[in-house]
Amino acid sequence: MQKTKFKLALVQMGGAPTNDENLKIALAKIDEAAVKGSDIVVLPEMFSCPYKASNFPVFAQRDCEANWKLLSKAAAKNGVYLVAGSMPERDGEGNNQKIYNTSYVFDRDGKQIAKHRKMHLFDCDIPGGANFHESDTLTAGNEVTVFETEFGKFGLMICFDIRFPELSRLMMERGAKMIFVPAAFNMTSGPAWWEIMFRVRATDNQVYMAGCSPARDESGGYVAWGHSLVVDPFGKVLNQLDEKENILYQEVDLAEVESFRQQYKILKSRRLDIYELTEKSR
């Protein structure tokens with residue numbers, strides 16, 4: 001019989017100016033979460049560098065380089081599944097070189113079992129406020145990411161991806177019962193939409209949702225909202241942090257997903273004779 005219960009840890013970590021300092025913080029937090037009995041540990045979006053579009057090419061690394069190796073070893077050392085937030089990833093050479101906002105997933109043995117490149121790039125122009133354009137330096141990914149563990153299937157997206165309901169629906173249709181979202185909502189989008197987005201996606205798809213944010217640093221160039229959280233398939237916030245550096249621990253039982261779906265037959269009530277969601281071949 002498949003295990004369905006596990007302990008989740010969302011690492012809401014503060015940042016540092018350099019890659020090496022940020023990796024040192026992340027590795028210490030992974031160790032701390034493992035000591036507390038966590039099965040799955042999640043890091044925030046762009047945890048390895050200050051969140052600024054111009055930083056992404058500077059901090060970017062390729063698959064299997066230093067950061068990747070350290071995170072793989074951390075998962076194996078602690079015997080945990082590690083959803084390694086996201087980092088800038090460099091791919092290609094010369095004029096074909098591209099930078100992605102990428103999340104890696106490692107299993108308990110340190111083997112990479114999933115990789116998600118942020119599909120929707122966050123560009124905003126707020127009158128009298130912040131202007132931020134990920135598309136200045138990043139390339140969008142094009143894969144719907146679902147991975148399997150001993151507990152069941154999980155979906156993985158990054159920050160702005162959550163704003164697009166089609167993506168979470170495709171993950172649900174592929175069997176995901178929980179979706180992880182490393183994310184860095186800011187001080188405008190956070191209070192307006194952070195909790196709403198997670199509760200709506202959870203209820204739409206009758207899945208658990210987990211958002212992992214960086215801690216808030218008022219002195220930083222980009223100030224994150226924080227408030228990492230876990231929402232159940234009913235849309236209830238089970239646990240939520242404030243803005244400070246901390247680790248959120250939550251016991252989750254994916255068997256509850258089927259229980260919710262049997263009670264409230266939202267997915268079964270879809271009119272697939274009239275409409276359907278399909279993936280385009282690439």
Side-chain angles (χ1 to χ4, degrees), residues 4-12 40 42-45 83 85-86 103 116 118-120 122 124 144-146 151-216 224-244 246-270 277:
T4 58
K5 295 180 180 180
F6 61 91
K7 186 171 184 177
L8 174 67
L10 305 181
V11 177
Q12 185 167 290
I40 302 176
V42 185
L43 300 176
E45 182 182 20
V83 180
S86 79
S103 181
H116 180 71
K118 190 173 186 177
M119 295 177 65
H120 304 89
F122 178 61
C124 73
V144 179
T145 307
V146 172
F151 308 109
K153 290 185 179 180
F154 296 87
L156 174 60
M157 59 176 67
I158 299 173
C159 202
F160 197 45
D161 286 341
I162 198 175
R163 296 302 299 264
F164 303 88
E166 298 88 350
L167 182 55
S168 55
R169 178 53 54 91
L170 287 170
M171 291 179 177
M172 180 280 295
E173 290 185 340
R174 288 189 178 190
K177 293 186 176 180
M178 185 170 197
I179 298 174
F180 297 123
V181 192
F185 278 37
N186 58 39
M187 295 300 293
T188 299
S189 59
W193 302 308
W194 175 259
E195 186 175 313
I196 291 172
M197 286 289 98
F198 283 90
R199 295 184 69 186
V200 168
R201 295 295 166 258
T203 54
D204 278 352
N205 298 290
Q206 297 187 289
V207 297
Y208 285 93
M209 297 289 298
C212 187
S213 170
R216 189 181 306 171
W225 174 238
H227 292 269
S228 297
L229 81 173
V230 178
V231 180
D232 75 11
F234 194 75
K236 178 183 177 182
V237 177
L238 299 178
N239 201 346
Q240 183 169 187
L241 298 177
D242 57 17
E243 76 281 5
K244 301 179 185 67
N246 204 345
I247 300 177
L248 182 156
Y249 295 100
Q250 181 64 46
E251 301 283 349
V252 177
D253 185 358
L254 294 185
E256 293 295 323
V257 172
E258 290 305 322
S259 175
F260 279 109
R261 291 178 181 178
Q262 289 300 319
Q263 294 174 60
Y264 300 93
K265 305 182 189 304
I266 298 169
L267 298 174
K268 288 185 177 180
S269 298
R270 290 178 293 162
L277 181 61

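Of the possible polar contacts, one joining the Arg199 side chain to the Gly235 backbone as a donor-acceptor pair under 3.5 Å is found. The backbone N or O of Ala255 sits less than 3.5 Å from a side-chain atom of Asp253, completing a donor-acceptor pair. With hydrogens and angles disregarded, no donor-acceptor distance shorter than 3.5 Å links the side chain of His120 to the backbone of Phe160. Formation of a donor-acceptor pair under 3.5 Å by the Trp194 side chain with backbone atoms of His227 is found in this model. Between the side chain of Arg174 and the backbone N or O of Lys153, no donor-acceptor pair lies under 3.5 Å. Arg201 contributes a side-chain N or O that, together with a main-chain N or O of Ile162, makes up a donor-acceptor pair within less than 3.5 Å.
Contact record, Gln262 with Lys265: O-NZ, 2.6 Å, taken as the closest heavy-atom pair. Heavy atoms only, all atoms of each residue included: Met157 and Asp161 are closest at CB-CB, 3.6 Å. Closest non-hydrogen pair, Ala183 versus Cys159, comes out as CB-CA, 3.6 Å. For the pair Ser86 and Ile158, the tightest heavy-atom approach, listed with the atom from each and the gap, is CB-CD1, 3.9 Å. Minimum interatomic distance between Met209 and Phe198 (heavy atoms only, all atoms of both residues): CG-O, 3.6 Å. Residues Val207 and Met172 come closest through the heavy atom pair CG1-CG, 4.2 Å.
Counting non-hydrogen atoms of other residues, nucleotides and ligands closer than 6.0 Å to OH of Tyr264 gives a total of 12 or fewer. Within a 6.0 Å radius of NZ in Lys5, other residues, nucleotides and ligands contribute 12 heavy atoms or fewer.
With contacts defined as side-chain heavy-atom distances shorter than 4.5 Å, the pair Val231/Lys236 does not qualify. A heavy-atom distance below 4.5 Å is found between the side chains of Leu8 and Phe180. A heavy-atom distance below 4.5 Å is found between the side chains of Val230 and Leu248. Asn186 has its side chain within reach of Phe122: a pair of non-hydrogen atoms, C-beta onward, lies under 4.5 Å apart. Contact of the Asn246 side chain with the Lys244 side chain is not registered, since no non-hydrogen atoms from C-beta on lie closer than 4.5 Å. In this structure the side chain of Gln263 never reaches within 4.5 angstrom of the side chain of Gln206, judged on heavy atoms. Taking the side chain as every heavy atom from C-beta outward, Pro44 and Cys212 approach each other to under 4.5 Å. Between Glu243 and Trp225, the closest side-chain pair of non-hydrogen atoms is not below 4.5 Å.
Of the charged side-chain nitrogens involved, none lies within less than 4.0 Å of a carboxylate oxygen, so that Glu256 and Lys177 do not count as a salt-bridged pair. Between Glu258 and Arg261, at least one side-chain nitrogen of the basic residue sits less than 4.0 Å from a carboxylate oxygen of the acidic one, meeting the salt-bridge criterion. With respect to Glu173 and Arg270, a salt bridge is recorded, a charged nitrogen being found less than 4.0 Å from a carboxylate O.
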- [ ] Check step by step if side-chain contact (heavy atoms from CB on, under 4.5 Å) holds for Asp232 and Phe260.
- [x] CA-CA 9 Å; Asp232 75 11; Phe260 279 109; 3.9 Å; yes
TODO: Report the C-alpha distance between Arg169 and Leu267 in whole Å, list the side-chain angles of each, state the deciding distance to 0.1 Å, and finish with yes or no for side-chain contact (heavy atoms from CB on, under 4.5 Å).
DONE: CA-CA 10 Å; Arg169 178 53 54 91; Leu267 298 174; 4.1 Å; yes
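No hydrogens or angles considered: nothing links the side chains of Gln12 and Ser213 as a donor-acceptor pair under 3.5 Å.
Atom CG of Leu10 is separated from atom CD of Gln240 by 11.0 Å, given to the nearest 0.5 angstrom. Taking CD of Gln250 as the start and CG of Asn239 as the end, the distance is 5.0 Å to the nearest 0.5 Å. The CG atom of Leu167 lies 7.5 Å from the CD1 atom of Ile179; values are rounded to the nearest 0.5 Å.
Among Val83, Val146, Ile40, the single residue meeting the side-chain contact (heavy atoms from CB on, under 4.5 Å) criterion with Phe154 is Ile40.
A ring-centre distance under 6.0 Å is not found for Phe234 and Tyr208.
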